[in-house]
K.L.:
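This is the structure, below, for whatever I ask next.
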Amino acid sequence: MTAVSARQELETTMTKPSVTHATYVIERTYPVSPARTFDAFSDPEKKRRWFAGYRAPAGDFEMDFRVGGRERTRSIIDGGPYKGTVLTNETVYQDIVPDKRIVFAYSMLLGDRRISASLVTVELIPKGDGTNLIFTDQGAYFEGADGVEMRRQGWEHIIDRLEKETR
């Protein structure tokens, strides 16, 4: 391979869009009813606390919880190689069945660069006096994204915060 063809191959690899597809499921059981768990998703103040409160200052969370409604969270990354960069989560609600199901599409941006797009289904299934929550994320992760394992860990942390909100 000549130096010119090697350079062209490298340039093509660096500029060619790439995407990684992945699906993961997180399950939790909460000691409260599906209605109370659903309320933590649908009430803007409650959702701000468990979803956005630990990373987004007041005013950087907007929510319109209805089919076709939008949600937006903006925060500043406080450590690592992206310290000081704006992280944006943009959500559109696709389907809502009170106390049973929430389906939403969301994308994440790192600065001005979109790093992923996902479709999430949250199922709330009665289990005795509690709720079995099943969170399924079907994602497309673009070049420079955090990757599926880091995203899963992030959602696990957020969903653990949801449990505290339902108490």
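Scope of the values below: all heavy atoms of this structure, side chains included, with no hydrogens, waters or symmetry mates.
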K.L.:
For residues Asp39 and Thr37, is any side-chain donor paired with an opposing acceptor at under 3.5 Å?
P.N.:
no
K.L.:
In Å and rounded to the nearest 0.5 Å, what is the CG to CD1 distance from Leu133 to Ile159?
P.N.:
6.0 Å
K.L.:
For Arg28 and Leu162, indicate whether the former's side chain and the latter's backbone hold a donor-acceptor pair under 3.5 Å.
P.N.:
no
K.L.:
Is there a donor-acceptor contact under 3.5 Å from the side chain of Trp50 to the main chain of Ala40?
P.N.:
yes
K.L.:
What is the ring orientation for Phe61 with Phe51, classed by angle as parallel under 30°, tilted 30 to 60°, or perpendicular over 60°?
P.N.:
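If you compare the ring of Phe61 with that of Phe51, the planes turn out tilted.
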K.L.:
When you measure from the side chain of Gln94 to the backbone N and O of Phe104, does any donor-acceptor pair fall under 3.5 Å?
P.N.:
no
K.L.:
With distance as the sole test, does Arg152 use its side chain to make a donor-acceptor pair with the main-chain N or O of Val25 at under 3.5 Å?
P.N.:
yes
K.L.:
Report yes or no: does Thr131 contribute a side-chain atom to a donor-acceptor pair with the main-chain N or O of Lys127 at less than 3.5 Å?
P.N.:
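Not confirmed, Thr131 side chain does not pair with Lys127 backbone.
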K.L.:
Look at Glu165 together with Lys47 and state whether they make a salt bridge at an N to O cut-off of under 4.0 Å.
P.N.:
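Here Glu165 does not pair with Lys47 in a salt bridge, since their nearest N and O are not under 4.0 Å apart.
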K.L.:
Can we say Arg72 and Glu90 salt-bridge, meaning some charged N sits less than 4.0 Å from an Asp/Glu carboxylate O?
P.N.:
yes
K.L.:
If every non-hydrogen atom of Glu163 is compared with every non-hydrogen atom of Pro31, which pair is closest and at what distance?
P.N.:
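Nearest heavy atoms, Glu163 then Pro31: OE2-CD, 4.3 Å.
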K.L.:
Say whether, by atom type as modelled, one donor and one acceptor occur between the side chain of Arg36 and the main chain of Thr166 under 3.5 angstrom.
P.N.:
yes
K.L.:
Ignoring hydrogens, what is the shortest heavy-atom contact between Asp137 and Ser118? Give both atom names and the distance.
P.N.:
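Looking at all heavy atoms of both residues, the shortest contact is OD1-OG, 3.1 Å.
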K.L.:
Which heavy-atom pair separates Tyr141 from Ala22 by the least distance, and what is that distance?
P.N.:
CE1-CB, 4.1 Å
K.L.:
Going by distance alone, is a donor N or O of one side chain under 3.5 Å from an acceptor N or O of the other, for Thr23 and Gln138?
P.N.:
no
K.L.:
Could you state whether Leu110 and Met108 fall into the same hydrophobic cluster, counting links through intermediate Ile, Leu, Val, Met, Phe, Trp or Tyr residues with side-chain heavy atoms under 4.5 angstrom apart?
P.N.:
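Yes, one cluster joins them.
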K.L.:
Suppose we call two aromatic rings close when their centres sit under 6.0 Å apart. Are Phe38 and Phe65 close by that rule?
P.N.:
yes
K.L.:
Should Val148 and Thr20 count as side-chain neighbours, where that means a heavy-atom distance under 4.5 Å?
P.N.:
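Heavy-atom side-chain distance check fails, nothing below 4.5 Å.
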